[in-house]
Engineer: 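Handing you this structure, nothing more for now.
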Number of protein chains: 2
Amino acid sequence: MSDLLQRLRERGWRLTAQRRVVAEVLAGDHIHLTADEVHARATERLPEISRATVYNTLGELVSLGELLEVSTDHRATRYDPNARRPHHHLLCDRCGTIRDVHPTGDALSALPESERFGYTVSGVELTYRGICPNCAA
Amino acid sequence: MSDLLQRLRERGWRLTAQRRVVAEVLAGDHIHLTADEVHARATERLPEISRATVYNTLGELVSLGELLEVSTDHRATRYDPNARRPHHHLLCDRCGTIRDVHPTGDALSALPESERFGYTVSGVELTYRGICPNCAA
DNA sequence: GCCTTGACTTAGACCTTGTCCAATGTAGGC
DNA sequence: GCCTACATTGGACAAGGTCTAAGTCAAGGC
Ligand SMILES: [Mn+2]
Ligand SMILES: [Mn+2]
Ligand SMILES: [Zn+2]
Ligand SMILES: [Zn+2]
């Protein structure tokens, strides 16, 4: 997290209070917040931060490869700070909670040449769906 | 496609010109149109069809299990008439073209118990990403 | 330390996607 | 052919997201 700020400074980022707060809000495991959720949490620490700045900062972090965009549902995009270790997602259909998961094997190799239609395939995303223990109870 | 209309009539659907045109627009393989694309194509055949009716009809077809919603990008939902044969998607990152694909193996069994976090896992979606032959040229 | 400047932030207008509603039209049973 | 419950319509509305012009400020140079 201050690792992150360090990397960003090295890439010429100005260290503003707003950017610092957004970075802080995104710290942690299994974090997949929407832009408005990030804004709400950032506002607790820095009341005057604007929605536009949150969107700007999230967009920049995505461009820099420090954040991933995840669109699991048909609602708002979620932002995933776990961009350094490849992983997939397990989503609760009832409450929307998302966990990072690491399936075995390589999903890419499961797509035979005959099913590639001449595409150059570079990646694959898996989204598992189910019901979380909390919602099951 | 008239199969579809047949099934729908059996389920109590009124056969209106609007619904017929939406069903026609959705016919074919590897079709993954947005609601506005469906509306645009439907308008060519039936100029007075409204956006609300297109949304209504698409929503009903989804409820009836005749259409799938696909959200591969972070933009508009796409509607997939290939609801009868399970499949996954291969997406061109440049132009957005989507193909239906059928990978080998079972992605569900690739998620070990230790990575399920107590969830009851019921399904998995795969999205392959790459560049289509058209965009590569 | 202070100045300078280009990068950053801000409020709010605006756009796109999608939902909702009251008024109007019509498919299909009789 | 009539009736009526179901379908369609235009437009208002809402959420998520983008853009802009004006003001602010981090940080390098002195
Ligand atoms: Mn994640
Ligand atoms: Mn498909
Ligand atoms: Zn849940
Ligand atoms: Zn392409």
Side-chain angles (χ1 to χ4, degrees), chain A residues 2 5-25 32-43 45-64 66-80 96, chain B residues 2 5-25 32-43 45-64 66-80 96:
Chain A
S2 81
L5 294 179
Q6 187 56 41
R7 286 199 300 281
L8 295 174
R9 178 147 36 190
E10 282 162 12
R11 299 208 224 179
W13 251 36
R14 284 204 188 161
L15 250 292
T16 66
Q18 290 85 347
R19 286 172 167 179
R20 218 182 293 264
V21 165
V22 169
E24 282 170 21
V25 163
H32 304 90
L33 299 172
T34 65
D36 274 349
E37 285 165 356
V38 171
H39 183 233
R41 297 191 187 192
T43 298
R45 301 175 188 220
L46 189 66
E48 69 274 24
I49 190 171
S50 76
R51 233 165 121 266
T53 293
V54 169
Y55 274 104
N56 287 343
T57 305
L58 293 173
E60 288 155 8
L61 289 170
V62 170
S63 298
L64 291 171
E66 298 285 352
L67 256 195
L68 299 176
E69 290 183 305
V70 180
S71 55
T72 46
D73 52 18
H74 304 266
R75 317 290 308 274
T77 299
R78 295 185 171 271
Y79 293 88
D80 186 344
Chain B
S2 81
L5 293 179
Q6 187 56 40
R7 285 199 301 280
L8 294 174
R9 179 147 36 189
E10 283 163 11
R11 300 208 224 175
W13 250 37
R14 281 198 192 168
L15 250 294
T16 65
Q18 291 84 346
R19 287 170 168 182
R20 218 181 294 264
V21 165
V22 169
E24 282 170 21
V25 163
H32 304 91
L33 299 172
T34 65
D36 274 350
E37 285 166 356
V38 171
H39 183 234
R41 297 191 185 192
T43 298
R45 302 176 186 221
L46 189 66
E48 69 274 24
I49 190 173
S50 76
R51 239 166 51 86
T53 294
V54 169
Y55 274 103
N56 287 342
T57 305
L58 293 173
E60 289 155 7
L61 289 170
V62 169
S63 298
L64 292 170
E66 299 285 351
L67 258 194
L68 299 175
E69 292 183 305
V70 180
S71 54
T72 47
D73 54 15
H74 305 265
R75 316 290 310 272
T77 299
R78 295 183 171 274
Y79 293 87
D80 185 344

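Side chains included, hydrogens not; waters and symmetry mates left out as well; all remaining heavy atoms used. Just so it is clear: chains get the letters A, B, ... in the order the sequence lines come, proteins before strands, and each one is counted from 1.
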Engineer: Could you tell me the separation between the CG atom of A/Leu58 and the P atom of D/dG17, rounded to a whole number of Å?
Structural biologist: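 Taking CG of A/Leu58 and P of D/dG17, I get 10 Å after rounding.
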Engineer: When you measure from the side-chain N and O atoms of A/Arg19 to the phosphate of D/dA26, is any distance below 4.0 Å, counting only OP1 and OP2?
Structural biologist: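 Negative; the distance criterion is not met.
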Engineer: Once you round it to whole Å, what is the distance between C1' of D/dT18 and NE2 of B/His74?
Structural biologist: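 Distance check: B/His74 NE2 to D/dT18 C1' gives 16 Å.
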Engineer: Counting only side-chain N and O atoms of A/Tyr55, is one of them less than 4.0 Å from OP1 or OP2 of D/dT18?
Structural biologist: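 Result: no.
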Engineer: Does the side chain of B/Arg11 come within less than 4.5 Å of B/Glu60's, by heavy atoms?
Structural biologist: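 Contact flag for B/Glu60/B/Arg11 side chains = no.
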Engineer: Could you state the NE2-C1' distance from B/His39 to D/dT9, rounded to the nearest angstrom?
Structural biologist: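 Between C1' of D/dT9 and NE2 of B/His39: 11 Å.
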Engineer: Any side-chain to backbone donor/acceptor pair from A/His39 onto A/Tyr55? Under 3.5 Å, distance only.
Structural biologist: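 Here the side-chain-to-backbone pair does not exist.
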Engineer: Taking the side chain as every heavy atom from C-beta outward, state whether B/Leu64 and B/Trp13 have any pair of such atoms under 4.5 Å apart.
Structural biologist: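 They are in side-chain contact.
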Engineer: Starting at the 5' end of DNA chain C, which residue's closest nucleotide do you reach first, A/Val54 or B/Arg78?
Structural biologist: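 Nearest nucleotide further toward 5': that of A/Val54.
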Engineer: In terms of side-chain heavy atoms of B/Ala76, which of D/dG17, D/dT9, C/dT17 is nearest?
Structural biologist: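 Given the options D/dG17, D/dT9, C/dT17, the side chain of B/Ala76 is closest to C/dT17.
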Engineer: Taking CD from A/Glu48 and C1' from C/dT9, how many angstroms apart are they, rounded to a whole number?
Structural biologist: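 Those two atoms, CD and C1', are 10 Å apart.
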Engineer: Under 4.0 Å from OP1 or OP2 of C/dT10: is there any side-chain N or O of A/Thr53 that close?
Structural biologist: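 Result: yes.
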Engineer: Could you tell me how far apart A/Leu46 (CG) and D/dT24 (C1') are, to the nearest whole angstrom?
Structural biologist: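 Rounded to the whole Å, the gap is 14 Å.
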Engineer: Report the distance from atom CD of A/Glu37 to atom C1' of D/dG16, rounded to the nearest whole Å.
Structural biologist: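 Interatomic distance, CD of A/Glu37 to C1' of D/dG16: 13 Å.
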Engineer: Where along nucleotides 22-30 of chain C does protein come under 4.0 Å, by heavy atom, of base (B) or sugar-phosphate alone (S), with - for untouched nucleotides?
Structural biologist: ----BBS--
Engineer: I'd like to know if B/Arg51 reaches the base of D/dG10 with its side chain, counting only an N/O donor and acceptor under 3.5 Å.
Structural biologist: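 Not at all, since no donor on one side and acceptor on the other fall under 3.5 Å apart.
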Engineer: Does the side chain of A/Thr16 come within less than 4.5 Å of A/Thr53's, by heavy atoms?
Structural biologist: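 Result no, sub-4.5 Å side-chain heavy-atom pair not found.
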Engineer: Are any non-hydrogen side-chain atoms of A/Tyr79 and A/His32 less than 4.5 angstrom apart?
Structural biologist: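 The answer is no, as the side chains (C-beta and beyond) never meet within the 4.5 Å cut-off.
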Engineer: Apply the salt bridge (charged side-chain N to carboxylate O under 4.0 Å, His left out) test between B/Glu24 and each candidate in B/Arg45, B/Arg41, B/Arg19; give the one that qualifies.
Structural biologist: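 Of the listed residues B/Arg45, B/Arg41, B/Arg19, the salt bridge (charged side-chain N to carboxylate O under 4.0 Å, His left out) partner of B/Glu24 is B/Arg45.
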Engineer: Return whichever of B/Asp36 or A/Ser50 has its heavy-atom-nearest nucleotide of DNA chain C closer to the 5' end.
Structural biologist: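 The residue mapped nearer the 5' terminus is A/Ser50.
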Engineer: Just how far is it from atom CD of B/Glu48 to atom CD of B/Gln18, taken to the nearest 0.5 Å?
Structural biologist: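 Result: 6.5 Å between the selected atoms.
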Engineer: Let me confirm one number: the CG-CZ distance from A/Asp80 to A/Arg78, rounded to the nearest 0.5 Å.
Structural biologist: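 Rounded to the nearest 0.5 Å, the CG-CZ separation comes out at 11.0 Å.
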Engineer: So A/Thr77, base contact, sugar-phosphate only, or nothing? Heavy-atom distance under 4.0 Å.
Structural biologist: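 It contacts sugar-phosphate atoms only.
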Engineer: To the nearest angstrom, how far is A/Ile49 atom CD1 from C/dA11 atom C1'?
Structural biologist: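 Value for this atom pair: 14 Å.
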Engineer: OP1 or OP2 of D/dT9 versus the side-chain N and O atoms of B/Gln18: is any pair under 4.0 Å?
Structural biologist: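 Looking at the OP1 and OP2 atoms of D/dT9, one of them is under 4.0 Å from a side-chain N or O of B/Gln18.
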Engineer: Rounded to the Å, how far apart are A/Asn56 CG and D/dG17 C1'?
Structural biologist: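 Going from A/Asn56 (CG) to D/dG17 (C1'), I get 11 Å.
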Engineer: Would you mind telling me which of D/dG17, C/dT9, C/dT16 lies closest to the side-chain atoms of B/Arg75?
Structural biologist: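 It is C/dT16.
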